[in-house]
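Just below is one structure, and these are the notes that go with it.
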Amino acid sequence: MFTIKANALERRFENEILRIEPWGRGLRVRATERSGFLPDDFGTLLSVPSPDPQIEIRGREAYITHGSITCRVLDNGELKFYDAGGKVLLEEYNRTRNMYESTDHFESALEILSRTFDPFPAADDYKLTVRFESKDDEKIFGMGQYQQPYLDLKGCIIELAHRNSQASVPFMLSSRGYGMLWNNPAIGHVTFGRNLTEWVAESTKQMDYWIVAGDTPAEIEEAYADVTGKVPMMPDYGMGFWQCKLRYQTQDEILEVARRYKKENIPLDVIVVDFFHWPHQGDWDFDPEYWPDPKAMVEELKEMGITLMVSIWPTVDTDSVNYEEMREKGYLVRTEYGKNTHLLGNACVVDVTNPDSRHFVWDVIKKNYYEKGIHLFWLDEAEPELNGYEYKHYRYFAGADVEIGNMYPREYARMAYEGLESEGQRNIVNLLRCAWAGSQRYGALVWSGDIDSSFRALRNQLRAGLNMGIAGIPWWTTDIGGFHGGDIRTDSFKEVLVRWFAFGAFCPVMRLHGFRAPFKEPLGTTGGGRQISGAENEIWSYGEEIFEICKKYITLREKMRPYITRLMEEAHEKGTPVMRPLFYDFPSDEQAWNIDDEYMFGPDVLVAPVLYEGVRERKVYLPEGTWTNLNDGTVWEGGTWITAPAPYDCIPVFTRRNIF
């Protein structure tokens, strides 16, 4: 039944092969009912050195211990995981008859197995269900970005699939002292229920997950980063303020905005050329009628100390100069019935799971952008946003969408990252609308998608950003002010913008973007002139009062640059989230595990954003320590709740020590 192979424990019983082995500081657990496992690089785990574990076979049971975690395999194949002190961290849910009279097995006539492989006829894929016991005292964090108001995910059903504004990054951190990565890119869902936890992959060849124990959230997070990768070092221009809107229509317009920032002496690190600056989707080039000299534009911006970022879409119109070659070479996503996909009009989607496709697109980008001095890219539509998210309808080079689709945004980031790296560039960052586990190692800065301009959306983004950091994506940002529905003429939107702007100053990247009303008409009927534009979205577009508030927070961001640089170094070296829940820095404080409307921006700054309209003061919990209100200098001793003033031009921010 049990064998020891190399440094792994294997169990064979009936149709199932179970394999448990050390991986980094944790254990990788795989099972299949096929003849063998997929290659080790399936999923996203990196090959990392691991010392030999302790393996012991005791009759019909076996144990494997590695570092701080032990897995016990019961006589029926059920798994239990323990920490170094012998506490049960996680155990499988099994409701079957007790064949071997194990004292740790529930006697049940329900016949519900821990692991279920439901085969598809005439195929070697299965619908996989893996069940674990639910613990009443457990809180669950991470899993990526979801548009909901919950930080603690216990009681939630989480779709393991990407959508615009939703990113599935299936790593969870438990308050019980463990972390678990569902190392499977298949479409599915997980239910963190009261009665059981259930992971489902709709179509897969094997079960594959990684689990680690740790004394603190930081220890767990760093172990996870070791096996999935860390972000590069954020370049200096990433630390400051980014200006963006949908969309600057011409080269003259974007230069005029940049010159105004320079004239006003307002620091600006990045300005953005958004989508449809091209003649056709898939040309990956400027329309010369509206962008006549991109190289000169880049050089003028550089002289002002501003970096240009350009939007890239993974879409190829049938009228594009690249369409026929990409179609003939099989570089486009196809449907299950062999036809090309279509996203917008006659546009198809690039299949970035194909290495040759990635190389082809990069070569075009290099010629038309990189060689003109543009080294920063916005990789939009990264899910990708296929029609209706009909996951069973599409097929990639690497397999069916339903089986491997969640890896798409990671491979999209990889395309630009490896291209830039091949040109000798370091400290690479690319802005994406989605991510999967491992995206961070390809320089993925994720923003939270096309969310609406409301306080409700702002509340959701706070929890989404915190859970993204816990899920191992430390570079995260939002469209300050939201994307849809903001009217620059209304007081209600101006209040949303002011509160969001202050929050944005304490996000990993501070980026103003949005599709504002009233809209502007297209400039022409062809190429890059066909698309409308939103209203002005610069900080002076909202009146003098808001201009001064925004300028104050940009100035504060500049003063924090040395502190932010230290946070980015920690993210690069250890995988530390830049913004994180209070429990990350105060794990022994029970109250910190319950707070979902405050957060730490690094170890020394506590931020309590204003999340509701009309609020001018709010309750703030201060953990143990001495805290100074950044706004008025008031000093407080922690371990208590206070009421902090929150006037229109300030949000409550507290520091443990001087960060400047």
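In this chain, numbering begins with 1 at the start of the sequence shown. Computation of the quantities below employed the complete heavy-atom set of this structure, encompassing side-chain atoms and omitting hydrogens, waters and symmetry-equivalent molecules.
The OH atom of Tyr621 lies 7.5 Å from the CD1 atom of Ile595; values are rounded to the nearest 0.5 Å. Here the CZ-OG1 distance, from Arg19 to Thr32, works out to 13.0 Å after rounding to the nearest 0.5 Å. The distance from atom CD of Gln206 to atom CD of Glu16, rounded to the nearest 0.5 Å, is 11.5 Å. With values rounded to the nearest 0.5 angstrom, Glu202 atom CD is found 10.5 Å from Asp118 atom CG. One distance of note links CD of Glu92 with CG of Asn76; it measures 9.0 Å at 0.5 Å rounding. Atoms CG and OH, on Asp351 and Tyr408 in that order, are 7.0 Å from each other to the nearest 0.5 Å.
For residues 40-87, no residue pair satisfies the ring-ring contact (aromatic ring centres under 6.0 Å, His included) rule, not counting sequence neighbours.
At a cut-off of 3.5 Å, with distance as the only test, a side-chain donor of Gln147 or Gln461 sits close to an acceptor on the other residue. In this structure, a donor-acceptor pair under 3.5 Å is present between the side chains of Thr626 and Glu637. Side chain to side chain, Ser203 and Asp125 meet the donor-acceptor criterion of an N or O pair below 3.5 Å. Thr3 and Arg12 are not linked by any side-chain donor-acceptor pair at a separation below 3.5 angstrom, with hydrogens and angles left out of the test. Using modelled atom types and a 3.5 Å distance limit, the side chains of Glu78 and Ser114 yield no donor-acceptor pair.
Between Glu221 and Tyr584, the closest side-chain pair of non-hydrogen atoms falls below 4.5 Å.
Other residues, nucleotides and ligands contribute more than 12 heavy atoms inside 6.0 Å of the CG atom of Leu38. Atom CG of Asn594 sits in a crowded spot, with more than 12 heavy atoms from other residues, nucleotides or ligands closer than 6.0 Å. By the neighbour-count criterion of 12 heavy atoms within 6.0 Å, atom CD of Glu624 is sparsely surrounded, having that number or fewer from other residues, nucleotides or ligands. Atom NZ of Lys87 has more than 12 heavy atoms from other residues, nucleotides or ligands within 6.0 Å. Residue Tyr150 places its OH atom among 12 or fewer non-hydrogen atoms of other residues, nucleotides or ligands, all under 6.0 Å distant. Few gaps surround NZ on Lys135; more than 12 heavy atoms of other groups in view lie less than 6.0 Å from it. Around the CD atom of Glu111, the shell of radius 6.0 Å holds more than 12 heavy atoms that belong to other residues, nucleotides or ligands.
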Can I get a per-line list of side-chain donor-acceptor pairs under 3.5 Å for residues 471-478, giving both atom names and the distance, sequence neighbours left out?
from: Trp476; atom 1: NE1; to: Gln145; atom 2: OE1; distance (Å): 2.8
from: Thr477; atom 1: OG1; to: Val509; atom 2: O; distance (Å): 2.8
from: Thr478; atom 1: OG1; to: Trp500; atom 2: NE1; distance (Å): 2.9

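Relative to the ring axis of Tyr93, Arg95 places its NZ or CZ within 45° and under 6.0 Å from the centre.
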Test log, rule side chain to side chain contact (heavy atoms under 4.5 Å, CB included), inputs Phe503 and Met579 | CA-CA 11 Å; Phe503 165 68; Met579 59 183 292; 4.2 Å; yes
Evaluate the side chain to side chain contact (heavy atoms under 4.5 Å, CB included) criterion for residues Gln440 and Lys230: first the C-alpha distance (whole Å), next the side-chain angles of each, then the deciding distance (0.1 Å), finally the verdict.
-> CA-CA 6 Å; Gln440 70 277 4; Lys230 306 178 182 75; 5.7 Å; no
I would like to know whether Met234 and Thr565 meet side chain to side chain contact (heavy atoms under 4.5 Å, CB included); could you show each step before the answer?
-> CA-CA 8 Å; Met234 175 67 77; Thr565 300; over 6 Å; no
Worked verdict on Glu598 versus Phe654 for side chain to side chain contact (heavy atoms under 4.5 Å, CB included) | CA-CA 11 Å; Glu598 308 171 22; Phe654 299 83; over 6 Å; no
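With sequence neighbours left out, Glu411 forms a side-chain hydrogen bond (donor to acceptor under 3.5 Å, both in side chains) with Arg358, Arg414. Not counting sequence neighbours, Tyr389 has no partner by the ring pair (Phe, Tyr, Trp, His ring centres under 6.0 Å) test. With sequence neighbours left out, Asn184 forms a side-chain hydrogen bond (donor to acceptor under 3.5 Å, both in side chains) with Thr204. Judged as a side chain to side chain contact (heavy atoms under 4.5 Å, CB included), and not counting sequence neighbours, the contacts of Thr640 are Ile642.
Ring geometry for Trp210 against Phe171 counts as tilted: the plane angle lies between 30° and 60°, on a 0 to 90° scale. Taking the six-membered ring where tryptophan is involved, the planes of Phe583 and Phe141 are tilted, since the angle between them lies from 30° to 60°.
Although no hydrogens or angles enter the test, the distance criterion places a donor-acceptor pair under 3.5 Å between the side chain of Thr353 and the main chain of Ala398.
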